Trainee: 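Submitted below is the structure of interest, expressed as structure tokens.
Bear in mind that the values here come from a model prediction, so they are computed numbers and not experimental data. Chain letters run A, B, ... following the sequence lines, proteins first and then strands; every chain starts at 1.
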There are 2 protein chains.
Amino acid sequence: MPHEIDKIDRAILRILQTDITLSVDDISAAVNLSRNACWRRIKAMEQLGVIKGRVALVDPASVGLPLTAMVLIKTNAHDANWLKQFQTTLQSFPEIVGAYRMTGDLDYVLRVRVADVPAYDAFYKRLTSRISLSDISASFVMEEMKETTAVPL
Amino acid sequence: MPHEIDKIDRAILRILQTDITLSVDDISAAVNLSRNACWRRIKAMEQLGVIKGRVALVDPASVGLPLTAMVLIKTNAHDANWLKQFQTTLQSFPEIVGAYRMTGDLDYVLRVRVADVPAYDAFYKRLTSRISLSDISASFVMEEMKETTAVPL
DNA sequence: GGTGAAAGACATCCCAC
DNA sequence: GTGGGATGTCTTTCACC
């Protein structure tokens, strides 16, 4: 079970999820804690899975992937077999950076990173050849107005 | 203009965007490069903005924010004034972790991190009191099947 | 929770090739 | 681009209040 996360833990997380470049010294100073206590809290949160990992954020445009597509999917195949294949398919496509099962009208939403519209089309063909999806519609992101990995703490 | 990103740069990025815990020694070994050359490439990519930052990923459920809402917005106010206020509103709401202007039917999509449905409702009321939005519909994420910050390289 | 201190690992930078 | 090496900073782990 998740450990109790108190005010200080939240303050630490707020810093770490913005910039992990800072030293433990800097962080402990910012949250008014000793270097040691601060370090212990960070380690504990890593062990508990509150901190899931430390990653570098890559600018998609810089590596030739400026386009994001939101793919809305409806399906009528809801059996266990189909679901299993859908899940493995999701994992095998690196261009799928997000996949969500939704409430309401739409069944699934995918976030897809591609170079351009032709690249999306190629992705679309590969995807639909792998798994049956009764109704797909894509919408492209014209402008990324906000995008953060930081959770509101 | 972005520098040329070659195979080796991509290999480095593939590692860094997954786990930044590894030392430069480990990375250079993985991509068959000397520690020195590898370090220089990383620094260069940071300076060029290919690497946008280094962050810790926080598990939302562990901090009491297990629910994600996708908010689909249509508007008929498209003037510059409205847009400006919309943008500042987006930035001032930390629970909005993503905001996208879209092609097609929907005008905007928001990704919103909240504790539960009542918390979403409170957010909804605060949002609509701040800015006029002619048509909002929310859909909740039942299951996060895939979610990664790693770009397909 | 708070010292302080010690070990070693690591990033950083320089230079010669 | 490679390799070696100097330097200092940081992490990590102590023992102890």
Side-chain angles (χ1 to χ4, degrees), chain A residues 1-64 148-153, chain B residues 1-65 148-151 153:
Chain A
M1 276 296 98
H3 205 63
E4 278 300 297
I5 304 294
D6 65 10
K7 287 262 178 194
I8 298 174
D9 287 327
R10 281 172 190 275
I12 294 172
L13 290 175
R14 226 176 291 128
I15 295 171
L16 289 181
Q17 73 177 348
T18 303
D19 184 10
I20 213 166
T21 291
L22 299 168
S23 69
V24 179
D25 273 320
D26 296 335
I27 298 163
S28 58
V31 300
N32 288 319
L33 216 69
S34 73
R35 166 180 51 252
N36 232 318
C38 189
W39 183 83
R40 267 179 298 220
R41 279 166 182 264
I42 294 171
K43 281 297 139 189
M45 288 193 287
E46 276 176 343
Q47 196 133 28
L48 288 165
V50 178
I51 295 172
K52 287 190 293 183
R54 295 155 175 257
V55 301
L57 299 178
V58 174
D59 176 44
S62 296
V63 292
T148 177
T149 57
V151 148
L153 287 170
Chain B
M1 274 296 96
H3 203 64
E4 278 300 298
I5 304 295
D6 65 12
K7 286 261 179 193
I8 298 174
D9 287 327
R10 282 173 189 274
I12 294 171
L13 289 175
R14 225 177 292 128
I15 296 170
L16 289 181
Q17 72 176 350
T18 302
D19 183 9
I20 213 165
T21 291
L22 297 168
S23 69
V24 179
D25 274 320
D26 295 335
I27 297 164
S28 58
V31 299
N32 289 319
L33 217 68
S34 71
R35 165 181 52 252
N36 235 320
C38 189
W39 182 82
R40 262 179 268 134
R41 279 166 183 264
I42 293 170
K43 283 297 138 191
M45 290 193 285
E46 276 176 342
Q47 195 134 26
L48 288 165
V50 179
I51 296 172
K52 288 190 295 183
R54 295 153 175 259
V55 302
L57 299 178
V58 174
D59 175 44
S62 296
V63 292
L65 296 163
T148 177
T149 57
V151 147
L153 287 171

Trainee: So which one's nearest nucleotide on DNA chain D is more toward 5', B:Ser34 or A:Ser23?
Mentor: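 Its nucleotide being nearer the 5' end, the pick is B:Ser34.
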Trainee: Any idea which heavy atoms bring A:Ile42 and A:Ile51 closest together, and the distance?
Mentor: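 Taking A:Ile42 first and A:Ile51 second, the nearest heavy atoms are O-CD1, 4.2 Å.
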Trainee: So do A:Val50 and A:Ile5 actually touch side chain to side chain, heavy atoms under 4.5 Å?
Mentor: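 When only atoms from C-beta onward are counted, A:Val50 and A:Ile5 do touch, with a gap below 4.5 Å.
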Trainee: Checking salt bridge (Lys or Arg N to Asp or Glu O under 4.0 Å) for the pair A:Arg41/A:Asp6: CA distance, chi angles, key distance, verdict?
Mentor: CA-CA 11 Å; A:Arg41 279 166 182 264; A:Asp6 65 10; 3.0 Å; yes
Trainee: Would you indicate, yes or no, if C:dT12 has its OP1 or OP2 atom less than 4.0 angstrom from a side-chain nitrogen or oxygen of B:Trp39?
Mentor: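 Yes, within the criterion.
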Trainee: Using whole Å, what does the distance between atom P of nucleotide C:dG1 and atom CG of A:Asn32 come to?
Mentor: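 Between P of C:dG1 and CG of A:Asn32: 14 Å.
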Trainee: Pick base, sugar-phosphate or nothing for B:Arg40, based on heavy-atom distances below 4.0 Å to the nucleic acid.
Mentor: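 The answer is base, as B:Arg40 lies within the cut-off (heavy atoms under 4.0 Å) of a base atom.
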Trainee: Indicate the atoms forming the closest heavy-atom contact of B:Cys38 with B:Val31, along with that distance.
Mentor: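 Heavy atoms of B:Cys38 and B:Val31 come nearest at SG-CG2, 4.4 Å.
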Trainee: If the P atom of D:dT12 is compared with that of C:dT12, how far apart are they to the nearest Å?
Mentor: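 It comes out at 15 Å once rounded to the nearest Å.
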Trainee: Measure from CZ on B:Arg41 to P on C:dC13 and round the result to the nearest Å.
Mentor: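 After rounding, the gap between these two atoms is 18 Å.
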Trainee: Just verifying a value: how many Å separate A:Leu22 CG and A:Ile12 CD1, rounded to the nearest 0.5 Å?
Mentor: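 Nearest 0.5 Å value for the CG-CD1 distance: 12.5 Å.
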Trainee: Suppose the criterion is side chain to side chain donor-acceptor pair (under 3.5 Å): which pairs have a residue in residues 45-58 of chain A, not counting sequence neighbours?
Mentor: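 Only A:Lys43-A:Glu46, A:Glu46-A:Arg54 qualify under side chain to side chain donor-acceptor pair (under 3.5 Å).
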Trainee: With rounding to the nearest 0.5 Å, note down the distance linking OG1 in A:Thr18 to CG in A:Leu13.
Mentor: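 Atom-to-atom, A:Thr18:OG1 and A:Leu13:CG are 10.0 Å apart.
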Trainee: Which residue lies toward the 5' end of DNA chain D, B:Cys38 or A:Val24, if each is placed at its nearest nucleotide?
Mentor: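 By nearest-heavy-atom nucleotide position, the 5'-most residue is B:Cys38.
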Trainee: Taking A:Val151's backbone N and O only, do any of them form a donor-acceptor pair with A:Gln17's side chain (distance below 3.5 Å, no angle check)?
Mentor: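 Yes; at least one donor-acceptor contact below 3.5 Å.
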Trainee: Going 5' to 3' on DNA chain D, which nucleotide is the first and which the last to come under 4.0 Å of a heavy atom in chain B?
Mentor: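 So the contact region on DNA chain D extends D:dG1 to D:dG4.
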Trainee: Identify each atom pair where a protein N or O and an N or O of nucleotides 5-7 of chain C are less than 3.5 Å apart, giving names and distance.
Mentor:
none

Trainee: With a 4.0 Å cut-off, would you call B:Asp19 and B:Arg14 a salt bridge?
Mentor: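 Salt bridge: no.
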Trainee: Rounded to whole angstrom units, what separation is found between the CD atom of B:Glu46 and the C1' atom of C:dT12?
Mentor: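 Atom-to-atom, B:Glu46 to C:dT12, this comes out as 13 Å.
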